[in-house]
*Asks:* 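Structure provided below as structure tokens; questions to follow.
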Amino acid sequence: MSTVELKSNLHQLIDDIQNTKLLESLHDLLSESKNAKAGTLWNSLTESQRNEVMVLMKNLRAPKT
């Protein structure tokens, strides 16, 4: 998948999220990861933040009905 396609798909996924807290968590994650070295971001997250990321990933992968 090209960069343009990935960005487009990501935009669509974000547009479909209605949970403000989840959007804030995703925003924070993406903002911090922009400048982080590989692996350091995940290791810097609290257990609660990691769980939020996992919930987000699960929700994004869930089939739409």
Side-chain angles (χ1 to χ4, degrees):
M1 193 177 300
S2 72
T3 301
V4 172
E5 290 172 316
L6 286 169
K7 287 181 178 183
S8 178
N9 289 345
L10 184 57
H11 284 238
Q12 183 60 49
L13 290 171
I14 292 170
D15 287 342
D16 290 342
I17 297 172
Q18 300 302 314
N19 182 320
T20 301
K21 184 174 179 179
L22 191 56
L23 287 169
E24 288 172 351
S25 295
L26 180 58
H27 176 270
D28 293 345
L29 176 68
L30 291 173
S31 293
E32 289 188 27
S33 69
K34 184 176 177 183
N35 298 318
K37 294 180 182 177
T40 59
L41 176 62
W42 184 258
N43 293 333
S44 71
L45 297 176
T46 65
E47 188 67 27
S48 176
Q49 290 169 322
R50 288 179 186 177
N51 288 336
E52 286 183 43
V53 171
M54 298 307 290
V55 168
L56 171 64
M57 295 302 294
K58 181 179 176 183
N59 289 339
L60 293 175
R61 291 184 181 135
K64 294 179 183 178
T65 55

*Asks:* If hydrophobic clusters are built from ILVMFWY residues whose side chains come within less than 4.5 Å, do L10 and L56 share one?
*Replies:*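 Both belong to a single hydrophobic cluster.
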*Asks:* Between D16 and Q12, does a side chain to side chain donor-acceptor pair (under 3.5 Å) hold up when you go through it step by step?
*Replies:* CA-CA 6 Å; D16 290 342; Q12 183 60 49; 3.0 Å; yes
*Asks:* Determine the minimum heavy-atom distance between L29 and V53, stating which atoms define it.
*Replies:*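 Taking L29 first and V53 second, the nearest heavy atoms are CD2-CG2, 3.9 Å.
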*Asks:* Compare all side-chain heavy atoms of I17 with those of L13 and state whether any distance is below 4.5 angstrom.
*Replies:*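 A side-chain contact is absent here, since even the closest heavy-atom pair is not under 4.5 Å.
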*Asks:* Would you kindly confirm whether L6 and L30 end up in one hydrophobic cluster when ILVMFWY residues are joined by side chain heavy atoms under 4.5 Å apart?
*Replies:*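 No; L30 is not reachable from L6 via cluster members.
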*Asks:* How would you list all residue pairs meeting side-chain hydrogen bond (donor to acceptor under 3.5 Å, both in side chains) that involve residues 44-56, not counting sequence neighbours?
*Replies:*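 Listed by first then second residue: S25-E52, T46-Q49.
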*Asks:* Considering non-hydrogen atoms only, spot the tightest contact between H11 and K7 and give its length.
*Replies:*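 Taking every non-hydrogen atom into account, CD2-O, 2.6 Å.
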